[in-house]
Number of protein chains: 4
Amino acid sequence: MRKIKAGVLGATGSVGQRFVQLLSSHPWFEIAAVFASERSAGREYSEVAKWFLPTEMPGEVAEMTVKSLRELDDADVDIMFSALPRAVAADVEKRCAELGYAVSSNVAVHRLEEDVPLVIPEVNASHLALIGHQKKRRGWDGFIVTNPNCSTIILTISLKPLMEFRIEEVHVATMQAVSGAGYAGVTSMAILDNIIPFIAKEEEKMEREPLKILGTLEGDRIVDASFKISASCHRVPVIDGHTEAVWVRFAETVTAEDVKSAFESFKSELKTPFSPKNPIIVREEEDRPQPRLDRDAEKGMSISVGRIRESKGEGSEIKYIVLGHNTIRGAAGASILNAELLVELGYL
Amino acid sequence: MRKIKAGVLGATGSVGQRFVQLLSSHPWFEIAAVFASERSAGREYSEVAKWFLPTEMPGEVAEMTVKSLRELDDADVDIMFSALPRAVAADVEKRCAELGYAVSSNVAVHRLEEDVPLVIPEVNASHLALIGHQKKRRGWDGFIVTNPNCSTIILTISLKPLMEFRIEEVHVATMQAVSGAGYAGVTSMAILDNIIPFIAKEEEKMEREPLKILGTLEGDRIVDASFKISASCHRVPVIDGHTEAVWVRFAETVTAEDVKSAFESFKSELKTPFSPKNPIIVREEEDRPQPRLDRDAEKGMSISVGRIRESKGEGSEIKYIVLGHNTIRGAAGASILNAELLVELGYL
Amino acid sequence: MRKIKAGVLGATGSVGQRFVQLLSSHPWFEIAAVFASERSAGREYSEVAKWFLPTEMPGEVAEMTVKSLRELDDADVDIMFSALPRAVAADVEKRCAELGYAVSSNVAVHRLEEDVPLVIPEVNASHLALIGHQKKRRGWDGFIVTNPNCSTIILTISLKPLMEFRIEEVHVATMQAVSGAGYAGVTSMAILDNIIPFIAKEEEKMEREPLKILGTLEGDRIVDASFKISASCHRVPVIDGHTEAVWVRFAETVTAEDVKSAFESFKSELKTPFSPKNPIIVREEEDRPQPRLDRDAEKGMSISVGRIRESKGEGSEIKYIVLGHNTIRGAAGASILNAELLVELGYL
Amino acid sequence: MRKIKAGVLGATGSVGQRFVQLLSSHPWFEIAAVFASERSAGREYSEVAKWFLPTEMPGEVAEMTVKSLRELDDADVDIMFSALPRAVAADVEKRCAELGYAVSSNVAVHRLEEDVPLVIPEVNASHLALIGHQKKRRGWDGFIVTNPNCSTIILTISLKPLMEFRIEEVHVATMQAVSGAGYAGVTSMAILDNIIPFIAKEEEKMEREPLKILGTLEGDRIVDASFKISASCHRVPVIDGHTEAVWVRFAETVTAEDVKSAFESFKSELKTPFSPKNPIIVREEEDRPQPRLDRDAEKGMSISVGRIRESKGEGSEIKYIVLGHNTIRGAAGASILNAELLVELGYL
């Protein structure tokens, strides 16, 4: 099988390097072009990317000449993976769709647009049907598909199997790894022996995105899920892996055992290379999941839940811990899984 | 003024060292005896205490001979500060009260007993009236006064000024420092680049103790406050300072501004050496309080709150961050402040 | 090929878990028995080992019943891998050799005995000839082979290719990971935001062991190498991976380029499963090797060197940084590689 | 006594904030002006300085309007403390001296100029005599005095009392705190669970600066000390406090006891506010000094030494550990102590 040609937009940054790492050994895709800012363009990838992953920089990408974002037109590419800075993403991603490329984007900028699918394959694959409306409405040959914010993905996968119990309200407190802020996003002076109880725009995303993802496709639009989410987001001195303390209040009477069963019986029908066998791993130990021990479960594509227990809060409330790898399951891996779904469903 | 003679029970451990550090320069108290396990008894304090505080071990204590817990009877001491391991605390503290000593204890074991005051001076000084009932009922010359668990103190001080809005429900997620587990409580292999989303018995304490403290003294007993608390407790790689993300739901309609005003106008009437001028410091910055920057506010005796904002949850809900020094305000300093209150109110 | 049956002595500790992890997928060995202290004996491995590695506990070992060290006699085992605490290792390992087992030990206790090989396969495989003398002298059916201390292995591999320039003196400062002290060896209170400039007995080992390893086999004994080593050892807040700053003074005039070439041309003849293709990887970046990025090179079995530069010290001196994975290349992996060498050379 | 008016150049950065913190409560100096880049100029200090010290920003400075570096001419200031970025320091500091200000600089740029004193008061106060030559040669009304690099200061204070034994050669490996790189100098992704074995230009400074400081004033120039220094510099995940492993080789036969005595009998004659009573504190514990425990000794102005032991290296060699607070003793505090010395000696 001929490999599908992929471009990486914003290839030198934190998520960009994950794209390069994960795609370089992907059985379906091959990296055909890497794009970055004007400053890096025209130079070898190995010269301009300050590589910080513990695996070696893939040799074939190391020697590629980085392209400028003004060289989009004649890229010999089928799909663009986007890890662009927010400021430039809006224009560049639209331009790519216009030029006929499929765009699988990890950037926030288009996520909430009405005709843009915001997808987690195990949760709402059907929302890809928006692609048709999007292309038609915008007159594009290509299209844009997005995945949610890292913290949102982890939370939302865990909420999906609980929808059957009629969720009324969610409280969530996050403990987020520094890699989520990009390579230079959190200085060591700020986080050693410390917690930063604030992440710009994060709570807003967590309170909004899950409602679209867990919403219902009706004709050419998504009707949002109707429960309420209140998030408090915090940065901790952890390299990779977001941990979230979650409380879910239900309209129905639900036991911890019910929730555990729902997690355990949640399976994915997708059998693609990045699709985890178990999207949700249930940990039985009293002190798991933990980021250092559980973030790499199923190559970083599974989320882990644990400490499922009944809450002393009002009504029928359950609390649990959920954890996932923020730059794999929560970012680059999420976009790649979306791309795999596009292939499976014939969009690519 | 003659200084009040103090004994420290469990003087070599994490909280015990804080007692030694804080009492050694106290204007009212002087350390007259230090007690520890059989293993340490009979040797110089400097030999048996692996000192780990960044200030020097106080010279006069360094040279004291550590006493065994079997040498309680003839200690020339007015008050015992207790940082004993839970297993021995029950018997030893009772024995001390029997022998006529006042006991100011940081240990959990007696906190919830009906006739034992569980006190934070700024919150429920009136509960000390239980002392009379306690002495009478038990036939003791001395008595036991306790302070709450570290996380509880920090949370409860912040809840006190909000009681006027009629609290219905509290959700709290903690990010707790390793010093809270004692010197050897958390191995570095467990916590470097990691979070442990579990602390034994901590959630139970946080869900129960505030209700007693915020309860009402009626005759010889406390009627608990009636709202609900649901806690999720987590250990983070921070040395000192517990951070807590709090949601409070009110029966009344309350704005973030109301809550901020309530915090700001909360003052302490106590003017003793360890009493902070401002029990609650309100931080205006979007990313404060932070443990490394705020834990030492007013010598570690103030708590700091910030990020007061309206919640997207059901009803009238406010969320905020609260932080305090767990081994000062949350442990040794709390017991010392209680002892100062005992002096002020004539119990000592 | 029938797999060789392996026992793991001290299987629940830090190095013991690495043995279990690494052997469980080894093509030549299979774990037939796990031994630990009386306290753990008789229970399932999964119950007594507080597993702290980021890969799952191997299923087949999880269900094994842990054996006591008094059940050595009838173990159905060909080779014992030893990660015992020093206090018990001396007797137990000798008893194993007596009982006819091959013992590949990571413990310090027998390393410097005259007839016990202290071996790094890439450096001094020939020293295994001591086995014959050992068996004869002691009247054992089995035998003991040892690998060096973690810091020593990393240093010594780097010194081997430099022997041709006639080393006169070595200065080495280590920055050692906490895993080297065992799971509970370094409490978080001791090492967060801190350095401990002392590791018990470590400097003595580093100053002595390399001289035996780099010594010459003459008849039935090793004549030590004759240069001098001075070590300063320090613990740093790193989970895995020891970093060492090394200065080597030579009798000959040597350039940084000479040293680099010597490192690059150093190859291993061993082609066994754990043998790294490149025992020494030379990093060209100005700020490498780094523990988080380089410790896992070739599955943790290669050491990485970098920053090779001429020193301003007296005479002909070169300085460089060397780094290796302390619990893989420096401990469990080292013992396994020695066992592979025993198989290759027919000792097993 | 009228306070001496001080300006702080580069007042918003890491060292600049330390200047503001330390000078704000200084009995001799008062902050009269704060200077920063064009971007910050014209705005309140509290608005532009992202304050990261655990003490509160001094109120009187918080409200000062930050001045641009083009407003040097009419500053009502007696002395300028400089924490400027290297790129602008050369011109700005010279311009200040020209304008008649005394400049006490922490910047590297002028340190090695022949007529610029590079001073540690306890070590080479006499070198201030260069000021006269400097003013004359350059035709300046003011002058520039510098203090060494942070790592150099700590090392050099420890070497001073050992000069009597005739030092021949020094090897030093540093473990340097992240604050030494400035607030945003080391990203958390780079240093969590990691070591960076490289600090730009640091080894060069450590190998060169001590020779000037320990050199001899002969007429209008310094004759450098003649021993050799070889340094290896490394960044560790510590917030404040540089730890250095030092080997010193002597021409004379020297014991560990000799070195210890020399350290202990080293006293400062200076009795100014920032002058530590004991410039060198000798720790007897086997595992001290440690940065978190010892960096704040005598308000961060003392260095601590420990683990003094004889080396297995060639000749008469001693090894020890030395530690100091890099942004107090090693930077802002050093410049302030130099300024105090200028006052004492009548230069200011």
Side-chain angles (χ1 to χ4, degrees), chain A residues 14 17-18 21 44 46-57 59 62 177-179 183 188-195 236-241 243 276-278 281-302 304 306 323-325 327-328, chain C residues 14 17-18 21 44 46-57 59 62 177-179 183 188-195 236-241 243 276-278 281-302 304 306 323-325 327-328:
Chain A
S14 167
Q17 292 195 15
R18 276 284 180 204
Q21 182 199 42
E44 275 203 7
S46 64
E47 269 181 85
V48 297
K50 172 83 182 167
W51 192 255
F52 56 80
L53 293 171
T55 56
E56 285 293 300
M57 183 186 288
V178 295
S179 61
Y183 183 68
S188 56
M189 287 287 285
I191 201 73
L192 281 173
D193 183 23
N194 208 15
I195 297 291
V236 294
V238 165
I239 296 169
D240 287 315
T243 307
K277 220 170 52 188
N278 296 293
I281 293 172
V282 179
R283 304 290 330 183
E284 305 276 356
E285 302 90 332
E286 68 181 6
D287 60 357
R288 297 281 281 266
Q290 295 177 16
R292 191 156 52 80
L293 300 185
D294 296 306
R295 61 194 172 203
D296 290 324
E298 297 212 21
K299 296 186 182 166
M301 288 301 288
S302 291
S304 297
L323 180 149
H325 196 301
T327 65
I328 300 179
Chain C
S14 167
Q17 292 194 16
R18 275 285 179 205
Q21 182 200 42
E44 273 202 6
S46 64
E47 269 181 82
V48 297
K50 173 83 183 166
W51 192 257
F52 56 80
L53 294 172
T55 55
E56 285 293 299
M57 183 186 289
V178 295
S179 60
Y183 183 68
S188 56
M189 288 286 285
I191 201 73
L192 281 173
D193 183 23
N194 207 16
I195 297 291
V236 294
V238 165
I239 296 168
D240 287 313
T243 308
K277 220 171 53 188
N278 295 294
I281 293 172
V282 178
R283 305 286 333 181
E284 305 275 356
E285 301 91 332
E286 68 182 5
D287 60 358
R288 296 280 283 268
Q290 296 177 16
R292 190 155 53 82
L293 301 184
D294 296 305
R295 61 194 172 201
D296 290 323
E298 297 211 21
K299 298 187 179 166
M301 289 300 290
S302 291
S304 296
L323 180 148
H325 196 300
T327 65
I328 300 178

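A, B, ... follow the sequence lines: proteins, then strands. Residue 1 opens every chain. Scope of the values below: all heavy atoms of this structure, side chains included, with no hydrogens, waters or symmetry mates. It should be emphasised that the depicted structure is a prediction, and the values quoted were computed from it without experimental measurement.
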**Item:** Electrostatic pair A/Glu56:C/Arg283 at N-O distance under 4.0 angstrom
**Value:** yes
**Asked** With chain C, which of A/Leu192, A/Thr55, A/Leu293, A/Leu53 has the greatest number of heavy-atom pairs at distances under 4.5 Å?
**Response** A/Leu293
**Prompt:** Where on C/Ile239 is there a heavy atom nearer than 4.5 Å to chain A: the side chain, the backbone, both, or neither?
**Reply:** side chain
**Asked** Tell me, side chain or backbone of C/Asp193 under 4.5 Å from chain A's heavy atoms, or both, or neither?
**Response** side chain
**Test side chain to side chain donor-acceptor pair (under 3.5 Å) applied to C/Ser179 and C/Asp240, step by step** = CA-CA 6 Å; C/Ser179 60; C/Asp240 287 313; 2.7 Å; yes
**Message:** Applying side chain to side chain contact (heavy atoms under 4.5 Å, CB included), can you list everything that pairs with C/Asn194, at least two apart in sequence or on another chain?
**Reply:** D/Gln290, D/Pro291, D/Arg292
**Prompt:** Is C/Gln17 reaching over with its side chain to a backbone N or O of C/Ala49, donor-acceptor style, under 3.5 angstrom?
**Reply:** no
